[in-house]
Amino acid sequence: MNALSYLFFVKLKAQLRRLFSKPTSAIVTLLVVGFFGFSIYSAVQNREMMSAMMNVQSVQGWMMLFCGYVLFLMTIMILQKRSAIVTRDDAQFIFAGPLTRKQTLAYLLIETVEGSLIYALIAVAYILMMMSSTVILTVPLVLSLILSSLLMFYFAFALFTWFYFLELVKPRAKWLKYGFLAVLLGFIGLIAIRNVGFDGGGIQSTITRFVADPLFNWVPVFGWCKMALIGLVSQDMTACLIGFAATFLVCAGITALILNVKGDFYEQAIMDAEWISELRQNARARRSSGGTNEKVVSVKQARFGSGATALVSKNLLILRKTRRLLSLQEVLLIAIYLGIVWMNGQGFGFYQFFVLIVLFTSATTDRIAQDLRVFYLYLIPDRPLKKLAALMVPSMLHIVAVVFASLVFCPFVLGCSWTEIIPAALMMTGFGWLFLSASLVCLRLMKSRSTPLMEQMIKMVFCLVLAIPYGITVVALMFVPGLPALAVQLAGLAVNGLVGLACLALATPLLSGNNLMAD
């Protein structure tokens, strides 16, 4: 077991050393961690100054959304036709080494705890940012959110691991996981049907009753964690302790089941590890294996420009053939946020905040990084700034598509007028451009050390700083009498456009040779 402990800590040290291998990435990492720590500390310390009142209904709503997200993630993992629990390097060490079965399984559980903690911290940071507008944050509430998130993610990952081993040993046991999901989702579905507004209350009253239904507290782990949080907020410590204690017992039971798995699963686990490692290598190189088998449609005509324009022509042709501007995840997020705002009656202004969150997560550099790894890009006879701007065209079309999809139903659902939607569309497009440009700067700073998590965290800090000129401009123009909102947002769009161009200029060295991999 000492060898496995050594492997775990060496891997952890290597991950940290990778982030601190260069002065630039080390400074940025420390600044980002300090910023998030200070933000949470400030939110907790200044809770008396907030105008929002803590109420059980708000905590119930956010906790139900969070439970739904973890449940969706667990369902997707369990229903996968093929999966793996370790990478190729780990498999060659832990499955081929002179280790007992329990030592191997214990190491996998330690890895599960580490992954659950990372997911929990990310989720808590996100949900705290969302809850801060309706809930006063306290130290016990933040700590309880972290604990409940850790337990739910560990339950999901550990249950997936147990089903994985069970299916390797007994292939017919796969029906056990399908039966478990059917019972769990069926019970939640019955709770939803139980709260349908047959009395004419409508969808809004149905959702409100479903969120507050005490019967959900009987749902294993998810309902128990929700009961623990609600008990903490409502000062019912008995419910809080019962919820956490029951969850601990179930997680301990699953841990015991994994440690006592019998049968020969080593060979198939190694084969699955080889398969998942190959997928990860392709993902790092921005070559998704699904992309090679992606369905395309025929295009009758295609025109190609010269120089940097050829990059635009190529990427537009790919978009025309794949017809993929929006992802299913983005559509679901937009629908969920629109439903939340409609249900709570918070209005169009609050909904715009949610759309900015979708734009922030959608403004990634995946497509651009894929082109940056193709060497012919650096042989195109054109200026680096112009080529980098050409690479941003598909991503900006994606941003525009997200803005359109998020606003097209607002007049019918939220009752807002087109005089409100047009300035909002300009504002969102400008911030989408800003988010995308900031992502390029993050890629320029971190280079090959960039990870999706660090890129999102660094981008958040950058965007908060880069949005200051927009805020100053808009606030100043609001004091001009008789100035329409459209003119204010046009000025804000121009400011964000100039800031984005400055970021684009800072990221131009990415086109100086294969600078993305030059570490």
Do [X] and [Y] have side chains that approach each other closer than 4.5 Å (heavy atoms only, starting at C-beta)?
X: Val403; Y: Val355; value: no
X: Met74; Y: Leu184; value: yes
X: Val393; Y: Leu311; value: no
X: Phe222; Y: Leu71; value: yes
X: Leu229; Y: Ser148; value: yes
X: Phe348; Y: Leu407; value: yes
X: Ile191; Y: Phe187; value: yes

Which distance, rounded to the nearest 0.5 Å, do you find between the [atom1] of [X] and the [atom2] of [Y]?
X: Cys416; Y: Tyr351; atom1: SG; atom2: OH; result: 9.0 Å
X: Arg194; Y: Leu215; atom1: CZ; atom2: CG; result: 5.0 Å
X: Phe244; Y: Cys225; atom1: CZ; atom2: SG; result: 6.0 Å
X: Met478; Y: Leu483; atom1: CE; atom2: CG; result: 10.5 Å
X: Leu501; Y: Leu385; atom1: CG; atom2: CG; result: 8.0 Å
X: Cys503; Y: Leu466; atom1: SG; atom2: CG; result: 4.5 Å

Stepwise side chain to side chain contact (heavy atoms under 4.5 Å, CB included) test for Met77 and Phe157: CA-CA 8 Å; Met77 288 192 302; Phe157 295 154; 3.4 Å; yes
Has the side chain of [X] got a donor or acceptor atom that lies under 3.5 Å from a matching backbone atom of [Y]?
X: Ser395; Y: Leu391; value: no
X: Tyr154; Y: Leu117; value: no
X: Trp433; Y: Gly497; value: yes
X: Ser362; Y: Leu359; value: no
X: Gln489; Y: Leu486; value: no
X: Thr429; Y: Leu426; value: no

Nearest heavy-atom pair of [X] and [Y]: which atoms, and what distance?
X: Leu181; Y: Leu79; value: CD1-CD2, 3.7 Å
X: Trp224; Y: Asn217; value: CD1-O, 3.0 Å
X: Gly231; Y: Ala239; value: CA-CB, 4.3 Å
X: Cys240; Y: Leu232; value: CB-N, 4.1 Å
X: Ile146; Y: Ala120; value: O-CB, 4.4 Å
X: Leu434; Y: Gly500; value: CD1-N, 4.3 Å

Tyr119, OH atom: more than 12 neighbouring heavy atoms under 6.0 Å: no
Heavy-atom neighbours of Lys386 NZ exceed 12 at 6.0 Å: no
Audit row: Ile472, Ile468, side chain to side chain contact (heavy atoms under 4.5 Å, CB included) steps and yes/no: CA-CA 6 Å; Ile472 295 174; Ile468 293 176; 3.8 Å; yes
Steps toward side chain to side chain contact (heavy atoms under 4.5 Å, CB included) verdict (Val221, Leu151): CA-CA 8 Å; Val221 177; Leu151 291 174; 5.6 Å; no
Side chain to side chain contact (heavy atoms under 4.5 Å, CB included) between Met392 and Leu504, worked out: CA-CA 10 Å; Met392 294 181 70; Leu504 194 64; 3.1 Å; yes
Phe431 and Tyr470 aromatic centres sub-6.0 Å: yes
